[in-house]
Amino acid sequence: MTMESMNMPLKEADPEVYGLIRQEYDRVMGTVQLIASENFPARAVIEATGAPLQHKYAEGFPYKRLKKNNQVREWKKDGRYYEGNQIMDQIERLAIERAQELFGTEYACVQLFSGAPANECVYEAFIEYGDHVMAMDLANGGHLSHGSPVNYSGMRYNFMHYGVVEDTGIIDYDKLAKDALEHKPKMIVAGATAYPRIVDFVKFREICDSVGAELLVDMSHFAGLVAGKAHPTPVGFADVITTTTHKTLRGPRGAVILADEERGKAIDRAVFPGIQAGPHLNEIAAKAVCFQLCMQPEFQEYAQKVIDNARFFGEEMKKQGFKLVSDGTDTHLILVDLRDRNYSGNKGSKALIKAGICTNRNMVPGDPRPPMQTSGIRLGSPFMTTLGFGNDEFAKVASWIRRVLDDIKNDEEIEKVHNEIAELCQSFPHPDFLL
Ligand code: DSN
């Protein structure tokens, strides 16, 4: 490699990687993206993520906590361990202040690399190893970082899991309240990755108060719907909130933690020096851009459209003969129960991707199959809503899914569906941001 190659554009410096990025763009462009946790970011977010801010180390925060009880942030004091962060301080401050304004909280930490470390930092800040915690069961829609035995959270803390009432697919709040009295958790985690209904934050608060537990809401999936005022907010009920920024928020990959000022100090300490080191300032800049875009009126229209599309899509799926967990959705995602078929969610999602429909297999409540097989498929509306899909298109998608899943070995039919999808996708191109 010559020194000149260091100054070449990607296309010339590394045609192999450039070619793969181009191929990924083409893959996404020619198929229907229904993975509920994925989205296409705004152009300005992509630009900020790729901005030349990656040279700088900026351990610490753009403030110091100097006042009484070390709680109030002094923005003018140097809180970094490296010199030369005057501009980075301004970028991070913008991201923090915009996150606080967008969600209406006193405190935000914007340095989190992703959702799982965000949850890790919250546990580190507020509970001790071995403490009792409660969270949604993975098979009922929870997340690995909510105490799965194969995850750090389940290895360090004593988790008890709650689930849904199998018939209704709704969280079993009565059992949760009863189990909480018995388990005496220090913390209860609300929020999930495959729960199609609105979480009742009032009930969670009451249950936490009844046992003196902290309430952590992980709103990674529905944060964009909250930001767009199309979904109730956990602010005012939760003690701490975590969210990723790349799902319904349409921001860069990463996460934030939201809380009140009082809890901020412990969160700061858990993030740095506790768990993370040098923050990624390019991603923080992109988060600032994302929060600004989420405050625009058109983002509220988008968030409502995501929900309207998911609801309509769910009804169409039912018309096509599918059973949905909880019989529908209030949010951006749908969980299809395939237990009435003679194949797994894995087989179903593999047949769908052959036809150009990208989904993920997912456990359903009471699932007899293991996680690599599952008896369900999770579908989401955010990505295709971003690209302009409405009722007509989601009705077509439901009918394509039926044609594929009614006969998953019929390659001729799968090919026909694939061609129809490729034709429709041409009318909904992704903006091509690759230089
Ligand atoms: N949050 C997961 C998902 O919902 O796909 C990934 O960690």
Side-chain angles (χ1 to χ4, degrees), residues 28 31-41 112-123 135-154 159 161 163-164 169 171 189-199 216-227 231 234 241-257 283 290 306-307 310 324-326 329-336 345-346 348-350 352-353 357-365 367 371-374 376-386:
V28 170
T31 49
V32 173
Q33 309 306 315
L34 297 179
I35 293 182
S37 48
E38 294 180 353
N39 209 337
F40 200 71
L112 286 308
F113 300 149
S114 205
N119 289 337
E120 185 181 3
C121 289
V122 172
Y123 303 143
M136 184 96 148
D137 179 40
L138 190 58
N140 281 248
H143 188 255
L144 280 171
S145 64
H146 297 178
S148 161
V150 293
N151 182 263
Y152 73 88
S153 53
F159 270 83
H161 287 104
V164 300
I171 292 172
V189 186
T193 64
Y195 185 64
R197 296 296 177 176
I198 288 171
V199 171
L216 163 62
V217 173
D218 179 345
M219 64 169 181
S220 294
H221 262 263
F222 54 87
L225 311 180
V226 172
H231 182 291
I241 298 168
T242 53
T243 179
T244 49
T245 45
H246 49 271
K247 297 185 176 89
T248 42
L249 283 169
R250 296 192 60 191
R253 294 199 86 88
V256 297
I257 302 177
E283 284 161 11
C290 159
V306 166
I307 295 177
L324 307 186
V325 172
S326 85
T329 183
D330 304 320
T331 62
H332 62 300
L333 74 86
I334 297 162
L335 193 52
V336 184
N346 182 33
S349 64
K350 295 266 185 313
L352 287 171
I353 195 65
I357 300 173
C358 192
T359 64
N360 66 279
R361 60 177 175 267
N362 213 100
M363 305 279 277
V364 293
D367 204 321
M372 286 303 279
Q373 292 303 320
T374 81
I377 288 179
R378 189 182 64 166
L379 309 174
S381 62
F383 204 120
M384 298 317 288
T385 303
T386 295

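Both ligands and their constituent atoms are indexed starting at 1 by order of listing. The first residue in the sequence is number 1, and the count goes up from there.
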If you count the atoms of ligand 1 from 1 in the order shown, which ones are under 4.0 Å from a heavy atom of [X]?
X      : answer
Thr193 : 1 (N), 4 (O)
His221 : 3 (C), 4 (O)
Arg378 : 3 (C), 4 (O), 5 (O)
Ser37  : 3 (C), 4 (O), 5 (O)
His143 : 1 (N), 7 (O)
Lys247 : 1 (N)

Set out, in order, the CA-CA distance, both residues' side-chain angles and the distance that settles side chain to side chain contact (heavy atoms under 4.5 Å, CB included) for Lys247 and Asn39, then state yes or no. CA-CA 6 Å; Lys247 297 185 176 89; Asn39 209 337; 5.9 Å; no

Please verify whether a non-hydrogen atom of Glu38 lies at under 4.0 Å from ligand 1. no

Among Asp218, Asn119, Asn151, exactly one meets side-chain hydrogen bond (donor to acceptor under 3.5 Å, both in side chains) together with Ser145. Which residue is that? Asn119

Aromatic ring pairing Phe159/Tyr123, orientation class (parallel under 30°, perpendicular over 60°, tilted between): perpendicular

Please confirm whether the backbone N or O of His146 pairs with a side-chain atom of His161, one donor and one acceptor, at under 3.5 Å? yes

With a 4.5 Å cut-off on side-chain heavy atoms, are Val336 and Leu324 touching? yes

What distance separates Leu34 CG from Ser349 OG, expressed to the nearest 0.5 Å? 12.0 Å

